[in-house]
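Throughout, protein chains are lettered first and strands after them, A, B, ... in sequence-line order, and every chain is numbered starting at 1.
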Protein chains: 2
Amino acid sequence: MEEHSAQDNTPIFQRIKDYLVAEIASGRWKEGDLVPSEQALVRQFGVSRMTVNRAVRELTAEQVLTRRQGAGTFVAPQKYQATLVEIRNIADEIRARGHAHRSDCRLLERAPASEALAARFGVAPGTPLFHSVIVHLEDEVPIQVEDRWVNPACAPSYLEQDFSSITPNEHLMKAAPLSGATYRIEALPAPAEVAAMLGIEAKACCLVLKRQTMSRGMVATVATMWHPGHLAQFSGSVG
Amino acid sequence: MEEHSAQDNTPIFQRIKDYLVAEIASGRWKEGDLVPSEQALVRQFGVSRMTVNRAVRELTAEQVLTRRQGAGTFVAPQKYQATLVEIRNIADEIRARGHAHRSDCRLLERAPASEALAARFGVAPGTPLFHSVIVHLEDEVPIQVEDRWVNPACAPSYLEQDFSSITPNEHLMKAAPLSGATYRIEALPAPAEVAAMLGIEAKACCLVLKRQTMSRGMVATVATMWHPGHLAQFSGSVG
DNA sequence: GAGTGGTCTAGACCACAAT
DNA sequence: TTGTGGTCTAGACCACTCC
């Protein structure tokens with residue numbers, strides 16, 4: 001039986017995590033340093049090993065520490081100087097800003113796969129695909145042109161949707177469980193048709209997001225989203 | 001004592017995780033469904049509760065399940081349709097592609113903070129800051145112009161570094177423990193000076209990453225990184 | 001009150017690394 | 001051989017939710 005030093009009800013494992021993180025943040029323990037063993041922490045905190053183990057295991061999952069069986073626990077190498085920028089779906093983002101979102105569906109058709117698209121979908125050229133072009137408006141200002149190709153096998157009723165009341169994203173998430181996606185962000189001059197829909201000059205700078213999603217082992221959709229460079233931005237933070 | 005069904009040495013908690021994930025992936029358990037309780041899983045697998053608890057707790061941390069004390073465990077709502085794009089530091093990225101990275105330091109100076117910079121750093125206008133402009137080349141092709149302002153309090157020896165052998169990122173990570181960062185990605189036309197350094201036309205589309213990092217409660221650096229739109233891209237994946 | 005999750009204990013056996 | 005981490009047990013007490 002243990003007297004958990006009462007009055008502070010943060011769990012013990014959390015207090016141990018806090019302690020370890022504080023030692024690292026303060027600079028007392030540096031990258032690569034050996035951290036006290038589980039046994040040592042058991043003695044230091046007067047708790048059972050399972051409790052210490054949970055604290056250390058979670059910090060390992062969080063990449064704060066690394067462990068080598070038989071060797072010990074170490075301060076993890078400097079956090080990979082990589083950062084994650086969050087990309088949300090356009091309707092959510094606009095609503096999160098407290099603005100009105102409206103979709104304007106400019107094209108919704110069945111069309112044969114070009115050579116390039118066929119390769120990306122893994123089908124024969126000429127295979128029918130679904131294709132939509134939708135302009136998203138924020139408070140009636142065009143903010144995104146979404147040019148999307150969809151694999152009919154993944155969303156057979158895609159052409160019957162009313163894309164003024166539901167976004168393709170929302171429909172696809174219901175129709176086809178998403179199993180993965182790849183993204184690419186580029187800066188490109190706007191082609192004439194896109195420029196017209198966005199109400200900007202042709203060749204104006206656009207922030208372009210290209211996304212390919214997978215479902216049940218197939219490529220479900222390939223989408224290109226064009227944003228006016230002076231309006232759009234992707235942002236994020238860490239820490 | 002327990003007979004762990006021998007010959008398969010994947011840990012029990014992992015097998016339970018696999019089982020739970022499989023039930024969800026197959027569609028048998030849908031979003032919001034109640035998942036068997038820990039007690040039920042204890043009986044089903046014939047293991048101790050701690051083992052089941054670890055499996056379920058980890059899946060909760062991974063946002064596959066959600067738990068409510070007293071109520072039960074549920075299949076988590078559809079993964080937020082937001083995605084994370086990874087941004088790595090330029091030198092790492094170039095080397096990861098197997099190419100040669102070289103830095104060309106065009107400017108390294110002490111300069112007074114403009115009104116706008118002073119506000120971002122939280123200092124008085126005119127306060128001296130460090131300023132560097134570096135061109136990063138991939139196999140001798142300019143691929144990034146890095147325009148960086150640094151808080152002297154965070155990296156007092158910044159001006160003495162040799163930025164042809166170390167990147168500002170690397171120096172700063174050693175000098176000032178990073179406690180957070182904010183990012184913004186934009187598409188902008190290249191100003192004349194940037195265009196000249198990148199070897200592209202003025203006003204050509206650029207992919208721009210603006211980053212502000214924090215250290216010890218202060219703004220450590222404000223950086224703007226310009227990439228030729230036709231060469232650069234940020235990419236990532238999920239799933 | 002019965003059932004749920006949240007946490008913790010005091011042992012245990014094992015694989016692995018250092019010596 | 002000793003110490004490390006990796007896993008597991010069979011209990012326990014608590015706070016909470018639902019009925």
It should be established whether [X] places a side-chain nitrogen or oxygen under 4.0 Å from OP1 or OP2 of nucleotide [N].
X     : N      : value
B:R68 : D:dC18 : yes
B:T73 : C:dG5  : yes
B:R67 : C:dG6  : yes
A:S37 : D:dT4  : yes

| note | Contacts of A:E146 meeting side-chain hydrogen bond (donor to acceptor under 3.5 Å, both in side chains) (sequence neighbours excluded), chain-then-number -> A:H136, A:R148
Could you tell me the separation between the [atom1] atom of [X] and the [atom2] atom of [N], rounded to a whole number of Å?
X     : N     : atom1 : atom2 : result
A:F13 : C:dT9 : CZ    : C1'   : 16 Å
B:Q69 : C:dG5 : CD    : P     : 10 Å
A:E38 : D:dT7 : CD    : P     : 11 Å
A:E58 : D:dG5 : CD    : C1'   : 16 Å
A:L41 : D:dG6 : CG    : P     : 13 Å
B:L59 : C:dG5 : CG    : C1'   : 15 Å
A:L20 : D:dG5 : CG    : C1'   : 15 Å

| Shortest non-hydrogen separation from A:V145 to A:V135 and the atoms involved |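 Heavy atoms only, the tightest pair is CG2-CG2, 4.3 Å.
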| query | How far apart are the C-alpha atoms of B:R57 and B:N53, what are their side-chain angles, what is the distance that settles it, and do they pass the side-chain hydrogen bond (donor to acceptor under 3.5 Å, both in side chains) test? | reply | CA-CA 6 Å; B:R57 179 159 36 78; B:N53 178 267; 3.2 Å; yes
| task | Please list residues of residues 49-56 of chain A whose heavy atoms come under 4.0 Å from any atom in DNA chain D, ordered by number; otherwise none. | result |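 Contacting residues: A:R49, A:M50, A:N53.
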| note | Closest to the 5' end of DNA chain C, once A:Q14 and A:A71 are matched to their nearest nucleotides, is A:Q14
| field | A:Q161 side chain vs A:S157 backbone, donor-acceptor pair below 3.5 Å | value |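 Judged by distance alone, yes, a pair lies under 3.5 Å.
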| query | What residue among B:Q144, B:R97, B:R102 forms side chain to side chain donor-acceptor pair (under 3.5 Å) with B:E138? | reply | B:R97
| message | Tell me if the aromatic rings of B:F163 and B:Y158 count as close, with their centers under 6.0 Å from one another. | response |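 Yes, ring centres under 6.0 Å apart.
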